[in-house]
Amino acid sequence: MTQRAIITGVADTAVGDLPGSSCMGLHAEAASRALADAGLKPSEVDGVLCAYSFTEPHLMLASVFCEYFGIQPAYSAAIHAGGATGCIMVMQAAALVEAGLCRHVLVVAGDNRLSGLSRDKAVATLSEVGHPQFERPFGVTIPALYGLVAQAYMHRYGATPEHLAAMAVNSRTHAMRNPGAQMRKPITVAEVLASRFIAEPLRLLDCCLISDGGAALVVSAADAARDTAKRGVAVLGTGQKNTHEHLVAAPSLTEFGCRDSAVQAFGRAGITAAEIDVAEIYDSFTITLLIELESIGFFEKGEAGPAALAGALDLGGRLPCNTHGGLMSYAHSGAAGGLFHVTEAVRQLRGETEARQVPDAELAFVHGDGGILSAHCSLVLGRR
Amino acid sequence: MTDKPLPVPNADTKEFWEGCAQGELRLQRCRACGAAQFPPRALCATCHASSPVWERASGRGRIVSHTRVHRPPSPAFKADVPYSVALVALEEGPRLMVTLRGGAEPRIGDAVRVGFDPPAGPDGIALPHAIILEAP
Ligand SMILES: [Zn+2]
């Protein structure tokens, strides 16, 4: 049987407002630190996976990065799948090392989306995911498209604005324990519900941040992982499901591919959702997280909101979730946003997360979602 | 405002936008499996048979979701905020995105009739909108 791929190094750069940063500079910093974490030299990297950038867009971002960083790996490619990209890069890296094509794959993403773009430009660029003829002409933003999902899901399963707000409050509660997080001021459900509407029913505090930052990790073949510096974390299971790109063509407004993606990942890992100790789940909006929690099977339909209000997603709760603070309170800098969920899961499994540590975490679940709940990728990671 | 992102019709969508400009909502229907489809494509996305044919749709449907947008995607939409956008499930099956007009407070399940904005831009694009029908 194939030996599982091992995550041997992880790193985040500083996140938030980083004036003077550049997209490639953030990539290089994250990459150097992840390699140092693994105890590897750049010359030992024989595979590179990159994502995409708003501030330095390029058709061939992996080649751009390798040239900038000064390496010539045997394999490199860039992946574009929105918020699912981080998890998909890890899935792809694991497949490369398990197939024997690479020994150490560097996965890296970053963008200076906050300091390098105006907020208006960032909103406009993100809106381009809408269908050019059948969605964008009606003035929809990504929050508007998720607002449409939220309205339909709340109508179908009885979730309330308070239930959505509980997701944002949970993220902030975790972020307050994370010195690196961009937003650490406490918030309450009432404050979320009093923040201004962006696209009904979603309010400002239902939405993710816009941040500068980068993240990287090294995925190694099992035999190549023996000599690395830290305790490795095994990629026990991976899964993916894409059901549509545009909301007008989505098979359903209330059932999404996260379910099948997670079923694959749990099946390959040979475990169930109930065995997960800590979850890091894509949270571009409060509704994104709520739907994923219920679709993946961590909670019954209609129960994630009440459970979150009762503390189920906090430390000591049934499923500590987004322990770094997630996209709503830690940071969201493009494809690196989805990688932060992975780097946090690895650190939780290594026991390195101090005040926000889930005691004895052995199994972690990570999920990424791109588009409008269009592309999904799930990972099950385990302490080795 | 001039820089709203108006559709640029292509080989797949020309027939649809020509219909809108004539006040007619058109959908494609597969000759092999009978599925109605939108957005338009060169093949049937249900059974993959080629060359679905165009037909006139009823223009009737129900709201399956709606949102009021307060933060627009670009300055071109700023004068319109807040504006309501809906997803409408047409009687024929496919889902259409529209601007909601008429000022009534939308609810999921409301019956609507699709109409068209005046043609605009170099391609004479008449965007579809929906008006909520009075309950009988
Ligand atoms: Zn067909």
Using a cut-off of under 4.5 Å on heavy-atom pairs, state which of [options] scores highest against chain B.
{"options": "Pro201(A), Ala144(A), Ala150(A)", "value": "Ala144(A)"}
{"options": "Leu126(A), Ile198(A), Leu204(A), Thr125(A)", "value": "Ile198(A)"}
{"options": "Arg196(A), Arg136(A), His155(A), Glu128(A)", "value": "His155(A)"}
{"options": "Gly139(A), Ala124(A), Pro132(A)", "value": "Gly139(A)"}

(message) Assess, by modelled atom type and distance only, whether the side chains of Thr55(A) and Asn112(A) contain a donor and an acceptor separated by less than 3.5 Å.
(response)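 Yes, a side-chain donor-acceptor pair sits under 3.5 Å.
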(request) Compute whether any side-chain donor of one residue and acceptor of the other, for Ser295(A) and Arg259(A), lie under 3.5 angstrom apart. (result)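 Checked: Ser295(A)/Arg259(A) side chains show no N/O donor-acceptor pair below 3.5 Å.
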(request) For chain A, find which of Ile63(B), Thr13(B), Val64(B), Val85(B) contributes the most heavy-atom pairs closer than 4.5 angstrom. (result)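 Of the candidates given, the most pairs with chain A belong to Thr13(B).
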Chain B heavy atoms under 4.5 Å from [X]: which part of the residue, side chain, backbone, both or neither?
{"X": "Arg203(A)", "answer": "neither"}
{"X": "Leu145(A)", "answer": "side chain"}
{"X": "Ala250(A)", "answer": "both"}

Quick check on [X] against chain A: is it the side chain, the backbone, both or neither that has a heavy atom closer than 4.5 Å?
{"X": "Thr99(B)", "result": "both"}
{"X": "Pro5(B)", "result": "both"}
{"X": "Asn10(B)", "result": "both"}
{"X": "Pro128(B)", "result": "both"}
{"X": "Val81(B)", "result": "neither"}

State the [atom1]-[atom2] distance between [X] and [Y], to the nearest 0.5 angstrom.
{"X": "Cys23(A)", "Y": "Glu56(A)", "atom1": "SG", "atom2": "CD", "result": "4.5 Å"}
{"X": "Thr46(B)", "Y": "Arg41(B)", "atom1": "OG1", "atom2": "CZ", "result": "8.0 Å"}
{"X": "Arg26(B)", "Y": "Arg29(B)", "atom1": "CZ", "atom2": "CZ", "result": "15.5 Å"}
{"X": "Trp17(B)", "Y": "Phe116(B)", "atom1": "CH2", "atom2": "CZ", "result": "9.0 Å"}

(request) Indicate yes or no: does Asp120(A) engage Arg71(B) in a salt bridge with an N to O separation below 4.0 Å. (result)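 Answer for the salt bridge query: yes.
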(message) Closer than 4.0 angstrom, basic N to acidic O: yes or no for Arg68(B) and Glu105(B)?
(response)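 A salt bridge is present here (some side-chain N lies under 4.0 Å from a carboxylate O).
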(message) Using every non-hydrogen atom in the two residues, find where Pro106(B) and Ile132(B) come nearest and quote the distance to one decimal.
(response)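 Closest approach of Pro106(B) to Ile132(B): CA-CD1, 3.6 Å.
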